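Note sheet for the following structure.
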Number of protein chains: 2
Amino acid sequence: QPILNGLLQNKAHFLIPAEKVANVQVDNNLNHAFLMLTKIHYARIPVLANDSKFVGLISLAMITEAMMGKDDFDLNRINALTVGDVCERDVPTVENPYDIELILHLLVDNPFLPVVSSEGDFTGIVTRREVMKSVNYLVHN
Amino acid sequence: QPILNGLLQNKAHFLIPAEKVANVQVDNNLNHAFLMLTKIHYARIPVLANDSKFVGLISLAMITEAMMGKDDFDLNRINALTVGDVCERDVPTVENPYDIELILHLLVDNPFLPVVSSEGDFTGIVTRREVMKSVNYLVHN
Ligand SMILES: Nc1ncnc2c1ncn2[C@@H]1O[C@@H]2COP(=O)(O)O[C@H]3[C@@H](O)[C@H](n4cnc5c(N)ncnc54)O[C@@H]3COP(=O)(O)O[C@H]2[C@H]1O
Ligand SMILES: Nc1ncnc2c1ncn2[C@@H]1O[C@@H]2COP(=O)(O)O[C@H]3[C@@H](O)[C@H](n4cnc5c(N)ncnc54)O[C@@H]3COP(=O)(O)O[C@H]2[C@H]1O
């Protein structure tokens with residue numbers, strides 16, 4: 001299994017640590033998340049509670065959907081909402097140390113995976129980019 | 001090179017044909033793209049001219065950025081704009097038949113690649129998901 005062995009050697013490089021991952025808090029006003037996601041251009045970012053517990057993911061589309069009426073958009077519709085009101089909570093996560101075969105399987109349908117400790121603490125993310133980098137390296141060497 | 005051979009066998013399955021790819025036209029009003037991207041939840045979609053020529057990519061963040069003033073958002077700021085005013089035009093594309101090693105290299109930094117003929121016609125996209133699916137299959141078999 002040359003691919004698996006190659007990826008296993010790179011495994012330690014896959015985790016992007018929590019301090020490098022843009023995130024918002026579950027009780028933040030939705031306007032704050034709207035501004036942040038507009039500025040940083042990441043499609044989806046993690047939502048945390050009390051600074052470190054993983055809650056879910058949020059994207060711009062989840063926010064603009066909350067602005068939609070029957071045939072118009074209204075920015076005021078999100079003034080009274082929080083990140084927790086619109087974020088997606090049912091997302092797959094993995095624990096550290098993670099199993100490479102599980103990561104490869106889950107990354108087929110998810111652009112990245114939140115890495116969460118058994119107590120629910122957010123420790124970072126594993127992204128498709130890091131795996132693609134490894135595959136690209138293995139093919140060229 | 002077992003990985004490359006494995007991926008080469010799957011190569012024909014990587015292309016998602018143009019008729020299955022959500023897109024907007026370069027001269028569409030920006031409000032139309034705003035509504036579409038809110039409903040379909042894809043992070044970025046292709047922008048075409050005259051139905052079939054590839055122009056670039058557009059995301060919700062590019063639209064909400066055009067709504068931003070110094071310290072507020074105003075939906076009216078995009079009423080007079082078109083998709084062509086905000087879309088990103090400098091994106092890597094590949095031609096059919098594409099080279100797998102080039103695809104793997106470009107997919108490290110791009111979630112998908114538009115496939116464009118030598119006359120500039122949009123023929124579809126190659127996504128990381130399809131490559132991840134192949135890698136996942138090769139590891140498990
Ligand atoms: N500022 C930037 N600098 C360099 N490359 C950039 C970039 N923004 C996007 N990309 C490239 O585009 C890919 C898709 O980004 P997207 O924002 O849709 O989707 C991202 C985003 O939703 C999330 N993500 C990645 N890094 C993040 C971070 N530091 N903080 C929060 N979320 C992150 O994970 C998804 C997959 O990331 P991945 O790296 O595999 O894949 C990224 C990366 O290859
Ligand atoms: N409606 C849906 N059904 C099933 N899975 C879904 C989905 N929407 C998103 N996903 C999953 O999430 C990944 C990231 O989607 P995203 O919209 O950020 O980023 C997407 C999107 O910007 C674009 N894309 C993919 N398929 C598209 C299509 N049919 N039309 C337009 N754009 C498409 O290519 C990027 C990479 O796509 P990829 O398939 O590798 O990866 C997709 C796919 O694994």
Side-chain angles (χ1 to χ4, degrees), chain A residues 1-8 31 33-44 59-68 71-79 88 99-112 127-141, chain B residues 1-8 31 33-44 59-68 71-79 88 99-112 127-141:
Chain A
Q1 260 303 1
I3 315 175
L4 198 53
N5 293 339
L7 290 172
L8 279 170
N31 281 312
F34 185 59
L35 184 69
M36 181 146 177
L37 284 164
T38 296
K39 289 204 164 152
I40 60 172
H41 281 257
Y42 282 127
R44 297 163 192 85
S59 69
L60 265 176
M62 293 173 209
I63 300 172
T64 58
E65 205 163 48
M67 290 178 187
M68 259 171 71
D71 54 3
D72 72 332
F73 282 89
D74 181 357
L75 283 157
N76 296 321
R77 287 202 181 94
I78 64 168
N79 286 346
E88 186 185 350
D99 163 29
I100 282 290
E101 290 200 40
L102 175 63
I103 296 276
L104 290 177
H105 172 67
L106 290 175
L107 285 178
V108 169
D109 285 319
N110 299 282
F112 69 98
T127 63
R128 280 178 176 167
R129 178 171 186 276
E130 295 312 307
V131 173
M132 294 301 297
K133 242 166 72 179
S134 275
V135 170
N136 193 48
Y137 176 79
L138 292 172
V139 163
H140 286 95
N141 290 286
Chain B
Q1 261 301 3
I3 313 176
L4 199 53
N5 293 338
L7 290 172
L8 278 169
N31 280 312
F34 186 59
L35 184 68
M36 180 139 172
L37 283 164
T38 297
K39 289 202 163 156
I40 60 172
H41 281 256
Y42 282 126
R44 297 163 192 84
S59 69
L60 265 177
M62 293 173 207
I63 299 173
T64 58
E65 201 162 56
M67 289 177 188
M68 260 169 70
D71 55 2
D72 73 333
F73 282 91
D74 181 354
L75 283 157
N76 296 321
R77 287 201 181 94
I78 65 168
N79 286 347
E88 185 185 351
D99 164 26
I100 282 289
E101 290 200 42
L102 176 63
I103 296 275
L104 290 177
H105 171 66
L106 291 176
L107 285 178
V108 169
D109 285 320
N110 299 283
F112 70 98
T127 63
R128 279 179 178 167
R129 178 171 185 277
E130 295 312 309
V131 173
M132 293 301 297
K133 242 167 65 178
S134 273
V135 170
N136 192 49
Y137 175 80
L138 291 172
V139 162
H140 286 96
N141 290 288

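Chain naming here is simple, since letters A, B, ... match the order of the sequence lines and numbering starts at 1 in each. For clarity, every value in this text was computed on a predicted model and none was experimentally measured.
- When A43(A), S59(A), A61(A) are compared by the number of non-hydrogen pairs under 4.5 Å with chain B, A61(A) comes out ahead.
- The minimum heavy-atom distance linking L75(B) with F34(B) is given by the pair CD2-CE2, 3.9 Å.
- Between chain B and the options V135(A), T38(A), L7(A), I63(A), heavy-atom pairs under 4.5 Å are most frequent for T38(A).
- Side-chain contact between N110(A) and R44(A): absent, with no pair of heavy atoms (C-beta onward) separated by less than 4.5 Å.
- Only the backbone of L37(B) comes within contact range of chain A, with at least one heavy atom under 4.5 Å from a heavy atom of that chain.
- Using a 4.5 Å cut-off between heavy atoms, D74(B) touches chain A through its backbone atoms (N, CA, C, O) alone.
- The CG atom of L60(B) sits 11.5 Å away from the CE atom of M36(B) when rounded to the nearest 0.5 Å.
- The CE atom of M132(B) lies 7.0 Å from the CE atom of M132(A); values are rounded to the nearest 0.5 Å.
- Among the candidates V108(B), I40(B), L104(B), the residue making the largest number of heavy-atom pairs closer than 4.5 Å to chain A is V108(B).
- To the nearest 0.5 Å, atoms CE (M67(B)) and CG (N79(B)) are separated by 9.0 Å.
- Interface summary for chain B: among T64(A), L107(A), V131(A), the most heavy-atom pairs under 4.5 angstrom belong to T64(A).
- A 4.5 Å side-chain heavy-atom check between E130(A) and K133(A) finds at least one atom pair inside the cut-off.
- Using a 4.5 Å cut-off between heavy atoms, I100(B) makes no contact with chain A at all.
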